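A quick write-up on the structure given underneath.
All heavy atoms count here, side chains included; hydrogens, waters and symmetry mates do not. Predicted model only: the values in this text are computed from it and were never measured.
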Amino acid sequence: MNISRIDEFIKAVMKAANGNHTVRVALSGENDRLDTLANGLNKIFDHLQEKGVEVNNEEFEEYSRLSLKQKNELEKRSAEIAESNKRLQVEIASRKLAEEVTKKALKTTETILTGMPVGFVVIDKKQIVRRVNDTALQIMGKTSDEVLGKVCHLNICPACKGRCPILDLGQTGDCSEKVVLSSNGQEIPILKTVIRITLEGEEVLLEAFVDISGRKRAEEALMQAKEDAEAANRAKSEFLANMSHEIRTPMNGVIGMTDLVLAMDLDTEQRSYLEMVKISADRLLGVINDILDFSKIEAGKFRIDLIPFRIRDVIDDLLKMLTINVQEKGLELACQVSAGVPDGLIGDPGRLRQIIVNLVGNAIKFSEKGEVLVRVEMAGNISSSDIEKTAANNFMLHFMVKDTGIGIPEDKQQSIFQPFSQADGSSTRRVGGTGLGLSICAQLVDLMGGRIWVESLSGHGSTFHFTACFQEDIDVSQKQELLPVKDLKDLSILVVIENVTSRLVFKEIIKNWTNKVKTVAGGKAALAVLEQQSCDVVILDAIMAGMDGFEVAEKINNSSRSNVPSIIMLTSAGQKGDAVRCHEAGVAAYLLKPVNQSDLLAAVRTVTGGLKKQEGSMEERPLVTRHTLRESKRDIHILLAEDEFINQTLAIALLEGEGWQVASVNNGREAVQALAADDFDLILMDIQMPDMDGLKATALIRENEKRTGEHIPIIAMTAHAMKGDRERCLDAGMDGYIPKPIDINKMLEEINRVLEVDCLERPLAGFQEEEIKEPLDYDSFVLKRCQGKEKTAKKMIELLLRESSPRWLAEAEAAVEVQDPDRIRTVCHAIIGTASTVCAQELSDTAAELGRLAREGKMDQTLQALQSFKEAYVRLQDWGKNITLDK
């Protein structure tokens, strides 16, 4: 409110009060309340002037007082209005500033959204596009008129029409790969994110997406490159495998025939030449096998089996295989399996053997003198990575192979585990090889859940370590009392071995039997000990400096002492005439090193009769050897249940060749009857047989045993074993499992495991699985199935060509003619088992295909499969005409 005008009103009133009726108040022209007041005053002044009335001072004073009061109220109101105006001006200024900031923010946001390589689209509940940015339009190659106001599925995610994850399916958000449609209808891949937002009071969808066409093209290119690399890798691996197979085919013949000729009577020169041929062939085959193993691992075709085995048997057997190599170099080979290691394990003994043989072979190869020690123990301080690999029901074993060889420089210790790498890669290196052995070992160890490393100093030997995961075979561990020696706890034993490591190993072994064990390094020290104290057994190394074992034995037996100890002689190089020398020197037992714990324990028991002294002079007692210990375990009676005559004949020949008694039956029912009539130590049970199959026969036998309380081991035999067959057989009550075609070594290993006897494994030099080119691979059949017995092989082939295969053809034709799938499967099973056994792979494969079609119900294709089988049969018969079969 204008204060100056109020003052003007007061002055005008005061003048009128003093008689000046001509005064007037000016109007502002704003028609406000002051103008109204001014009009009122002016009218009063006009009336006074017109009438010439004198003003009453009392009335005027009252009027003045009222005017002053109004003035004060007006001033107060004016002040309030002024303050309000100030606040309003501040608010207006703030709002203007906020509007400017908002405009700038909106402009910045719009600039960002426009410039970002991300498309933005706003879609309402009716799936209509309300807003779209330039990037989205660029991705789609469209104008805003083509997109705005249109249904979203005409442009974005056409495949989601009617099932939008947000609107139709009720989700609160989505992030997935979709497509948008370009102007020409092409689908452009996008990565889209959708959220619900409220915009201008309405709930809408905000969709943000980026064009991933480039990424998709890169992924496709990467995938194509990966497929190309894998194809190239497969081609390389297949080439290596095929070349290895092609080379091994004639190599098997060379090695097999060389072995057969070496078994004949030859003069010294002939034998020398053939042995050189054999050594060269074995080395060449080793190179080929390394390449094949490496190609299998690289192609991802290498698998680790999980089968039961005895760790000590595996270690002992493989060290015996390397004894000749050790003898040739004059090295000491020792093995130490800690007492805490369970004997029964579940794992892959073949691959474990391959790793240890490679490491020990290298240790022998690179050591000119000294020793090689193999040690197995429970893994103690292992790395966290090893712990992570160990499953809850597994445990880790730690293997060490220590040598006294040339050592490995520190800068080479990592590269030796790489393919084709060697510590000495020069052309003048002392030893050869492919450089694949340690690489294969490293990959096998990784497949077995462990790791491998080396500790070495150049010129001071090497120690190779590796860990591997196994499960414990509880049944074997519970049955096995590794060292049942309670009756030997009072036995006193003196060990006389020059090598310090071997002394420590033997001492640790014997301490598990008795605490009365003493070790010395030579013959003089041994004689000095015996002068001071009596001893029950002396374990002597045959080869020692100064005084060898035979001299020490003679002095012991020629002494005047009343209690002459029993002497066990150990040698790493047996010679002709050693048996005579043993009798002359009073040696009771003669064992080849490395000696396994069970053989050593058996020898101690045999020469001492426990603690009871054997009667008779040394000349009257037979010399105890590894072979006599083994023969004492071989009185085994086996029942063979097999319906195919060829398989039956071959199995009998192989089992009887091991010195076992074998009785055979043709089906499961006859097996049950035979078991009731006679005592057997083991049953080898074919799974599929007429009348009663192996599973039913096993179930019946186990049911009968519930009444008798007995248990006879049963080992299943089945052709073309599939995954899960082993478990099915074991669940049915069987104790073991042998896949057909029968491999003598695997059969002996399984019998050894089930019966807990020491079967002598006789590995076939150089034989590996190979691609069959002929209708029947005669050389492989002779070597692999018949252990080099050509006469047995020819007898089996005679039966195949003259009796079995014609019968099979007739039965297959009859079964296909009546379209009986069960009958076809039965016939094919018999064909597969026997044909594979005699290495007639083509006949076996065609029968397998016919059986598969019948099993899958594809009866319309069995005629064609039967024709393939007939063609294989004709080729087999034609092949048979070209060989001479001895009657």
Side-chain angles (χ1 to χ4, degrees), residues 641-650 666-670 685-697 716-725 728-729 739-742 771-777 781 785 796-882:
E642 168 64 64
D643 62 313
E644 276 299 323
F645 183 65
I646 292 179
N647 286 342
Q648 192 181 95
T649 305
L650 178 60
N666 297 310
N667 56 56
R669 192 175 304 281
E670 292 180 6
M685 183 81 74
D686 189 18
I687 295 301
Q688 189 164 338
M689 295 181 289
D691 193 11
M692 180 183 289
D693 64 28
L695 296 177
K696 291 179 181 177
M717 298 191 303
T718 183
H720 274 232
M722 303 297 289
K723 184 177 180 180
D725 282 355
R728 185 163 60 97
C729 293
K740 292 182 182 177
I742 297 172
E771 184 181 356
I772 305 299
K773 298 296 185 182
E774 296 289 343
L776 191 150
D777 189 352
F781 178 51
R785 310 287 188 245
M796 298 299 103
I797 294 172
E798 175 81 16
L799 291 170
L800 174 70
L801 296 175
R802 306 293 179 261
E803 297 182 19
S804 295
S805 59
R807 172 171 52 84
W808 292 338
L809 179 60
E811 292 177 356
E813 287 178 330
V816 172
E817 183 178 358
V818 298
Q819 292 288 281
D820 185 341
D822 291 336
R823 187 174 172 186
I824 293 174
R825 290 200 304 270
T826 301
V827 172
C828 290
H829 178 82
I831 298 170
I832 292 167
T834 304
S836 297
T837 297
V838 297
C839 295
Q841 197 62 43
E842 185 181 21
L843 200 67
S844 175
D845 290 344
T846 54
E849 176 63 14
L850 178 58
R852 181 187 68 80
L853 294 173
R855 184 174 63 255
E856 296 177 357
K858 300 176 180 178
M859 300 304 294
D860 57 327
Q861 301 178 32
T862 55
L863 283 173
Q864 184 178 352
L866 176 64
Q867 182 60 36
S868 298
F869 176 75
K870 288 181 179 179
E871 293 170 359
Y873 167 80
V874 171
R875 281 192 287 271
L876 178 63
Q877 292 293 333
D878 290 342
W879 173 86
K881 296 174 183 177
N882 298 322

Exercise for the section: Would you name the heavy atoms of Ala847 and Cys828 that are closest together and state the gap between them? Expected result: O-SG, 3.3 Å

Handout entry: Met859 side chain reached by Ile824 side chain, heavy atoms, under 4.5 Å
Key = yes

Completion exercise
For Glu813, the salt bridge (charged side-chain N to carboxylate O under 4.0 Å, His left out) test, sequence neighbours excluded, returns Lys870

Exercise for the section: Output the distance between atom OG1 (Thr862) and atom CD (Glu856), rounded to the nearest 0.5 Å. Expected result: 12.5 Å

Problem - Sequence-distant partners of Asp860, side-chain contact (heavy atoms from CB on, under 4.5 Å), two or more places apart - result: Lys858

Fill in the blank from the handout: The reported gap from CG in Leu853 to CG in Leu866 (rounded to nearest 0.5 angstrom) is 11.0 Å

Exercise for the section: Report yes if some heavy atom in the side chain of Glu842 is under 4.5 Å from a heavy atom in the side chain of Leu876; otherwise report no. Expected result: no

Problem - Residue list, salt bridge (charged side-chain N to carboxylate O under 4.0 Å, His left out) with Asp820, at least two apart or on another chain - result: none

Fill in the blank from the handout: Smallest heavy-atom separation, Pro821 atom then Ala854 atom, equals CB-O, 3.7 Å

Practice task
List in chain and number order the residues that pass side-chain contact (heavy atoms from CB on, under 4.5 Å) with Arg855, two or more places apart in sequence or in another chain; answer none if no residue qualifies.
Solution key: Arg825, Arg852

Handout entry: Phe869 to Leu843 - nearest heavy-atom pair and separation
Key = CE1-CD1, 3.5 Å

Problem - Side chain proximity check, Pro806 to Tyr873, heavy atoms < 4.5 angstrom - result: yes

Handout entry: Non-neighbouring partners of Gln867 that pass side-chain hydrogen bond (donor to acceptor under 3.5 Å, both in side chains), sequence neighbours left out
Key = none

Practice task
Check Cys729 against Ala716 and note the closest heavy-atom contact, atom names and distance.
Solution key: SG-CB, 3.7 Å

Completion exercise
All heavy atoms of Arg823 vs all of Ala814, minimum pair found to be NH2-CB, 3.4 Å

Handout entry: Heavy-atom pair with the smallest gap, counting every atom of Met689 and Asn667
Key = SD-CA, 3.6 Å

Exercise for the section: With side-chain contact (heavy atoms from CB on, under 4.5 Å) as the test, would you mind laying out the steps for Ile687 and Leu695 before giving the verdict? Expected result: CA-CA 6 Å; Ile687 295 301; Leu695 296 177; 4.1 Å; yes

Practice task
Would you indicate whether Gln861, at its atom CD, is surrounded by more than 12 heavy atoms from other residues, nucleotides or ligands within a distance under 6.0 Å?
Solution key: yes

Handout entry: Residues forming a side-chain contact (heavy atoms from CB on, under 4.5 Å) with Arg807, sequence neighbours excluded
Key = Glu644, Ser804, Glu811

Handout entry: Separation of Met685 CE from Lys696 NZ (nearest 0.5 Å)
Key = 13.0 Å

Handout entry: Any side-chain heavy-atom pair of Val816 and Leu850 under 4.5 Å
Key = yes

